[in-house]
Amino acid sequence: MPITLTPRVLTAAEAIDQLRALRARQPVKYWAFYSSQLAGIVTDPALMVLPFDDHMVHRGHGIFDTASIVDGRIYDLEAHLDRFLRSAKLSRLVLPCSREEMREIIVRTTAASGKRDGSIRYWISAGPGSLGLPPVAGAEPGFFVMIFAGLAYPATWLTEGLRVMTTTYPIKPPLYAITKSTNYLPNILMQMEAQEAGLDNGVFVDEAGHVGESSNMNVAFVTEGGALQHPKFDHILSGCTSLRLLELARRLVGTVLRGVEVKDIPVADARAAREMLLIGSSVKVAPIVEWDRKLIGDGKPGPAARALRELLEQDMHTGKDRLIDVPY
Ligand SMILES: Cc1ncc(COP(=O)(O)O)c(C=O)c1O
């Protein structure tokens with residue numbers, strides 16, 4: 001839609017028509033949206049909006065997290081809620097309601113979507129009331145839940161593996177890296193930079209020369225000796241998928257793996273790995289076969305990536321204590 005140079009004042013009905021037209025020009029797979037500001041759920045994407053002066057919109061003062069819907073059940077929501085509440089605390093956000101109430105709203109919004117597979121993303125915002133920096137006195141924190149199709153990646157990521165580069169953008173300082181806030185500028189710039197170089201994604205390296213993480217995923221390695229090595233979580237986001245995989249991976253020790261370690265990983269050591277993995281809720285586990293134009297191992301997806309992915313898939317379907325039934 002070209003920008004109009006002679007904008008006029010719209011009626012409420014005309015404004016909603018324009019929001020619908022925007023969605024018609026660019027269709028999205030957003031199925032249900034809860035907003036504490038609406039005190040309800042909407043299923044028309046045109047109505048999935050926030051007041052512009054919410055500080056999450058114009059200052060980035062908000063946090064979020066994402067969980068998966070697998071075959072009509074929500075996977076590992078408690079781990080995601082743990083991280084969500086940690087991020088809220090680190091961001092000094094006021095909780096809009098209790099953890100139990102948030103969980104209930106998430107489950108009900110999922111049910112309202114009617115979808116049995118997809119993603120759930122939820123946010124806490126500082127709330128509207130000014131265009132300043134700190135929240136205004138009496139600002140009502142917002143709580144939002146979006147049920148959507150989830151991020152999709154090329155099938156070749158699994159069959160052929162990914163190619164990544166060390167980003168030229170600096171890694172977030174630890175406090176901001178461990179907080180899942182709506183400030184993703186370094187992560188976005190890293191992914192754009194990689195894509196412009198014809199690659200799939202980037203990797204942050206910290207000032208000490210240790211491996212960090214990717215744009216919205218963690219990375220891990222399998223050494224020549226067979227140890228699964230994951231960077232420590234003090235300077236990167238503690239991925240719920242990584243944390244679970246580090247537990248599940250113990251089942252592979254003695255066959256595909258020799259051990260499981262969480263440690264600082266110098267880049268030089270990482271480059272000598274037999275396998276490199278990309279790990280996250282959206283990608284699950286995918287093999288990285290090339291880093292900075294150099295092959296990892298033999299440059300082909302390896303057995304640990306495959307075995308870990310299978311373990312995770314199985315857990316997502318059968319991990320009884322980690323699945324919540326959705327009352328559709
Ligand atoms: C920066 C960053 N690192 C790692 C992850 C992986 O976390 P998870 O496994 O919980 O999806 C994410 C995704 O949330 C992320 O945004």
Side-chain angles (χ1 to χ4, degrees), residues 60 62-70 74-88 90-91 106 118-124 145-146 148-153 157 162 164 166-167 169-194 200-206 210-221 228-249 262 265 276-286 288 305 308-309 311-313 315-316 319 322-323:
I63 53 119
F64 73 106
D65 218 296
T66 313
S68 303
I69 314 166
V70 187
I74 304 174
Y75 177 64
D76 220 7
L77 183 58
E78 296 312 321
H80 287 277
L81 283 178
D82 287 347
R83 186 173 67 188
F84 191 55
L85 293 180
R86 270 201 316 274
S87 294
L90 290 166
S91 304
I106 288 170
S119 286
I120 312 169
R121 188 164 294 169
Y122 35 95
W123 295 258
I124 292 174
V145 182
M146 174 75 89
F148 68 113
L151 305 184
Y153 301 111
W157 280 21
L162 292 97
V164 299
T166 304
T167 183
Y169 291 100
I171 192 169
K172 288 177 184 169
L175 171 64
Y176 306 123
I178 64 171
T179 306
K180 200 163 166 63
S181 84
T182 51
N183 296 276
Y184 260 51
L185 185 59
N187 314 55
I188 293 163
L189 293 174
M190 170 163 77
Q191 209 175 77
M192 290 176 75
E193 175 184 48
D200 297 304
N201 215 331
V203 178
F204 284 121
V205 170
D206 73 12
H210 296 140
V211 179
E213 61 188 331
S214 187
S215 59
N216 55 335
M217 301 145 189
N218 291 110
V219 291
F221 302 88
L228 174 65
Q229 289 190 341
H230 196 292
K232 281 160 78 176
F233 294 100
D234 53 359
H235 65 143
I236 55 170
L237 195 75
S238 65
C240 298
T241 319
S242 279
L243 291 176
R244 182 61 182 145
L245 264 183
L246 289 166
E247 288 173 13
L248 294 171
V262 176
I265 306 176
M276 182 171 178
L277 315 169
L278 198 59
I279 300 171
S281 303
S282 55
V283 72
K284 300 192 182 82
V285 184
I288 295 171
L308 287 166
R309 189 179 172 92
L311 273 182
L312 185 67
E313 293 272 9
D315 197 55
M316 293 179 86
R322 284 169 192 268
L323 292 166

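These values consider heavy atoms only, across backbone and side chains, with no hydrogens, waters or symmetry-generated copies. Read the numbers this way: they start at 1 and go in the same order the structure lists the ligands and their atoms.
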Go through the side-chain N and O atoms of Thr179 and Arg86 and say whether any donor and acceptor fall under 3.5 Å apart.
->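 No donor-acceptor contact under 3.5 Å links the two side chains.
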Do the side-chain N and O atoms of Lys172 and Asn187 include a donor-acceptor pair separated by under 3.5 angstrom?
->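 Present: a donor and an acceptor within the cut-off.
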Decide, yes or no, whether a salt bridge links Glu78 with Arg244 under the criterion of side-chain N to carboxylate O below 4.0 Å.
-> no
Should Asp65 and Arg83 count as an ion pair when the cut-off is N to O under 4.0 Å?
->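 Arg83 and Asp65: salt-bridged.
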Near ligand 1, which residues have a heavy atom under 4.0 Å away from one of its atoms?
->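 Within 4.0 Å of ligand 1, the protein residues are His80, Arg83, Lys180, Tyr184, Asn187, Glu213, Ser215, Asn216, Met217, Asn218, Leu237, Gly239, Cys240, Thr241, Gly280, Ser281.
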For residues Tyr184 and Phe64, establish whether the separation of their ring centroids is below 6.0 Å.
->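 Under 6.0 Å, so yes.
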Closest non-hydrogen atom pair between Leu278 and Ser214, with its separation = CD1-CB, 3.8 Å
